[in-house]
Amino acid sequence: MASFAVLFLTLGFIIFNLFQSSTYKSIDKDMREQVASVKKQPNIQKQTDPNPGPDHPVQQNKPNPKMPFQASILVFDDNGKLLNKSSLGNRYSVLKNINLNKKNINKKQTIVVHNMNFRSVLIKVSKNNNNPMYAGHYVLIMQNIDTQIQTMKNFEKILILTFFIFWIIALVISYFLARINMLPIVKSWKQQTEFVNDAAHELRTPLTIIQGKLEYMLTKPNKKIIDEAEAISVSLDEVSRLNSLTNNLLDLARFDQATTKLNFEYTKPQLFLKDPIEPFKDIINSQSKVFQINLNHQPTLYLDRNKIKQLLIILLDNATKYTPKNGTIKIYDQVEGSKYQFIISDTGVGINDSDKKKIFGRFYRVDKSRNQSSGGHGLGLAIAKQIVANHQGHIFVRDNLPHGSEFVVELPIKHK
Ligand code: ADP
């Protein structure tokens, strides 16, 4: 708003000054012509009395065609006596109070007489001038500039009015532009605040538990460690939860600051899928669930193996967590055009449509109470999404019919 105001004011000031100076220039040009025409009178007319008194009106020359209509000429003698009183006609009543001021000789001035504006110049005409009316006298050329002054005033009014109208328009536009521009900033600011709140909340729960357990143990200083093994083990569980939470938070913060260093390399799926899958075979089987692996494609991909391993662990961990006993977890792959897809499917609880997009958000958990017991913080999929995005890939979830869900990770195939 302030910038607009400054711009408009400056622009208005410049335009007005240009207009004013060009008006005065054109008036002054007229004046110069008049001065020139007075100084070298072309019409040589014999005058009997070169110095007629006020009672003997000076014989007027033929009107100079170049002389503007609004111009008046006052002729003074050296003593400041007005010599051409009669030739002024009815203008005399207005101009009679004007006195000769020799200091103003050759100076262009704007004077106000009886609320009328005049541009004037006083010249001393040489004695050799052909017009005896002027010869050796002081001639004050006065041009009425009321019309120009009025025009300037009107212009000034229009300019101020236009300035205000446009300033108000600019005000409205800048308000909406600022709002539009601020939207993403406000959104990300809100997200940050929510993130910090959620993180604080997540940190508080394990800390409260640990504090409670420690305080409880302090009330029993004579007990042996074995007697308080449960309290110690609960505290340790919470410490490891805190550990994983802070690691996840650190990961996300690094992604946000784009300080995560990725070690990209050309590789094949078997080189990065095998390692993270291996331990899950035992874990899943030990939970009386079935684990099927069906990986058949070996395209060349350009990626950070460790990050993709981390992604795979998140997805397999979730599939294991959210699939009940006797369920099946499967990993398979396919090539779709220039994309390589690996899919982790399960026959678990499934995810309803309204949650499918939200689960990739930070701290989002579908069923908070259930997930609390399974140890999740709702950060795993947010990290997974960031990892895939850093690989110019795509991750989404779809239903695994008749029940369960399928997480599809799509990565671009590179040809080395
Ligand atoms: P969490 O640590 O809670 O598992 P995630 O970000 O990994 O956090 O997952 C977010 C939420 O998405 C989970 O809380 C869970 O409700 C849902 N979810 C993730 N994977 C699955 C899955 N395979 N089956 C059902 N729900 C899932």
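Every number for a ligand or one of its atoms is a count from 1 in the order of the listing.
Every residue was checked against the ring pair (Phe, Tyr, Trp, His ring centres under 6.0 Å) condition with Tyr175, not counting sequence neighbours, and none meets it.
Here Leu381 has heavy atoms under 4.0 Å from ligand 1 in both its backbone and its side chain. The proximity of Lys321 to ligand 1, defined as any non-hydrogen pair under 4.0 Å, is limited to the side chain. Counting heavy atoms closer than 4.0 Å to ligand 1, residue Leu379 contributes backbone atoms (N, CA, C, O) but none from C-beta onward. With a 4.0 Å cut-off on non-hydrogen atoms, Val349 touches ligand 1 through its side chain and not its backbone. Using a 4.0 Å cut-off between heavy atoms, Phe407 contacts ligand 1 through its side chain alone, with no backbone atom that close.
Ring geometry for Phe16 against Phe155 counts as parallel: the plane angle stays under 30°, on a 0 to 90° scale with 60° as the upper cut.
Proximity to Ser405 (heavy-atom distance under 4.0 Å) selects the following atoms of ligand 1: 22 (C), 23 (N), 24 (N). Under a 4.0 Å criterion applied to the non-hydrogen atoms of His377, ligand 1 contributes the atoms 2 (O), 3 (O).
Cation-pi geometry between Lys330 and Tyr332 is met: the NZ or CZ atom falls under 6.0 Å from the ring centre, inside 45° of the normal. The cationic group of Arg362 lies under 6.0 Å from the six-membered ring centre of Phe195 and within 45° of the ring axis, placing it in a cation-pi geometry.
Polar contact check, Arg365 against ligand 1: no nitrogen or oxygen pair lies under 3.5 Å apart. When only interatomic distances are considered, the shortest N/O to N/O separation between Gly350 and ligand 1 does not fall below 3.5 Å. Below 3.5 Å of separation, one finds an N or O of Gly378 facing an N or O of ligand 1.
Residue pairs meeting the side-chain hydrogen bond (donor to acceptor under 3.5 Å, both in side chains) criterion with at least one partner in residues 5-22, sequence neighbours excluded, are absent.
When the options Leu379, Leu250, Thr205 are evaluated for a side-chain contact (heavy atoms from CB on, under 4.5 Å) with Leu245, the one that passes is Leu379.
When only modelled atom types and interatomic distance are considered, Tyr340 and Asp333 share a side-chain donor-acceptor pair under 3.5 Å.
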Item to check | Tyr302/His391 under ring pair (Phe, Tyr, Trp, His ring centres under 6.0 Å): CA gap, chis, key distance, verdict | outcome: CA-CA 8 Å; Tyr302 188 62; His391 286 82; 8.9 Å; no
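Looking at Phe363, Phe360, Tyr364, Tyr322, it is Tyr322 that brings a heavy atom closest to atom 24 (N) of ligand 1.
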